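Keep in mind that the numbers below use all heavy atoms, side chains included, and drop hydrogens, waters and symmetry copies. Keep in mind the model is a prediction, meaning the values are calculated, not measured.
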Amino acid sequence: DKERAEFEKAKAEFEREKIVAYAETELAKVGLSAEIAKYIVAEDKDSTKAVIDKIKESYDKDVQAGEKKWKHRGISASE
């Protein structure tokens with residue numbers, strides 16, 4: 001029935017917004033931009049947290065690689 005379908009749609013949208021808010025909080029906790037939250041939301045909080053953890057891990061590796069590259073050139077990150 002139409003009312004039931006509308007209710008389910010609204011419920012799903014509400015659940016997604018809750019996960020987006022959760023993602024924003026988790027991203028901020030690990031020092032990443034909360035602006036990407038709506039793009040990385042997964043099926044549930046646990047899946048979303050796994051995505052955030054993977055992004056953070058990748059980000060940290062890239063930062064470390066960049067620091068090594070600069071050190072190799074004799075330039076410190078603070079310059």
Side-chain angles (χ1 to χ4, degrees):
D1 112 318
K2 186 178 177 181
E3 287 181 13
R4 179 75 175 165
E6 288 177 9
F7 171 77
E8 290 299 327
K9 182 179 177 185
K11 182 179 172 187
E13 289 175 11
F14 177 71
E15 289 299 319
R16 178 173 167 72
E17 287 304 313
K18 282 182 13 182
I19 295 172
V20 170
Y22 169 79
E24 290 171 342
T25 300
E26 291 301 309
L27 286 163
K29 283 182 186 176
V30 296
L32 297 173
S33 174
E35 292 180 22
I36 65 170
K38 62 185 171 189
Y39 304 110
I40 63 158
V41 170
E43 186 176 316
D44 56 27
K45 284 184 177 182
D46 290 338
S47 300
T48 299
K49 178 73 168 116
V51 171
I52 291 169
D53 291 346
K54 190 67 178 167
I55 291 170
K56 177 64 173 160
E57 178 184 321
S58 217
Y59 174 81
D60 288 346
K61 284 181 184 175
D62 288 346
V63 168
Q64 289 174 357
E67 288 175 352
K68 286 180 184 176
K69 189 176 185 179
W70 284 104
K71 286 180 183 176
H72 179 71
R73 293 182 181 172
I75 302 169
S76 75
S78 61
E79 290 181 8

Problem set entry | By salt bridge (Lys or Arg N to Asp or Glu O under 4.0 Å) - contacts of Lys38 (at least two apart) | none
Problem set entry | Contacts of Asp44 that satisfy salt bridge (Lys or Arg N to Asp or Glu O under 4.0 Å) - sequence neighbours left out | none
Exercise. Residues two or more places apart in sequence or in another chain: which of them pass side chain to side chain donor-acceptor pair (under 3.5 Å) with Glu8?
Worked result: Arg4
Exercise. Taking only residues two or more places apart in sequence, or in another chain, which ones meet Lys49 in a side chain to side chain donor-acceptor pair (under 3.5 Å)?
Worked result: Asp53
Exercise. Atom CD1 in Ile40, atom CD1 in Ile52: separation rounded to 0.5 Å?
Worked result: 4.0 Å
Exercise. Given Glu15 and Lys11, is the salt bridge (charged side-chain N to carboxylate O under 4.0 Å, His left out) satisfied, shown in steps?
Worked result: CA-CA 6 Å; Glu15 289 299 319; Lys11 182 179 172 187; over 6 Å; no
Seminar exercise, completed: Cluster membership besides Val41, Ile/Leu/Val/Met/Phe/Trp/Tyr side chains within less than 4.5 angstrom, sorted by chain and number, is Ile19, Val20
Problem set entry | Connected hydrophobic set around Tyr22, excluding itself, where side chains approach under 4.5 Å | none
Exercise. Does any non-hydrogen side-chain atom of Val30 lie less than 4.5 Å from one of Glu26?
Worked result: no
Exercise. Should we say atom CD of Glu35 is surrounded by more than 12 heavy atoms from elsewhere, each under 6.0 Å from it?
Worked result: no
Exercise. Where is the tightest heavy-atom contact between Ala42 and Val51, given as atom of each residue plus distance?
Worked result: CB-CG2, 4.5 Å
Seminar exercise, completed: In terms of heavy-atom contacts, Ala37 and Glu24 come closest through CB-CG, 3.3 Å
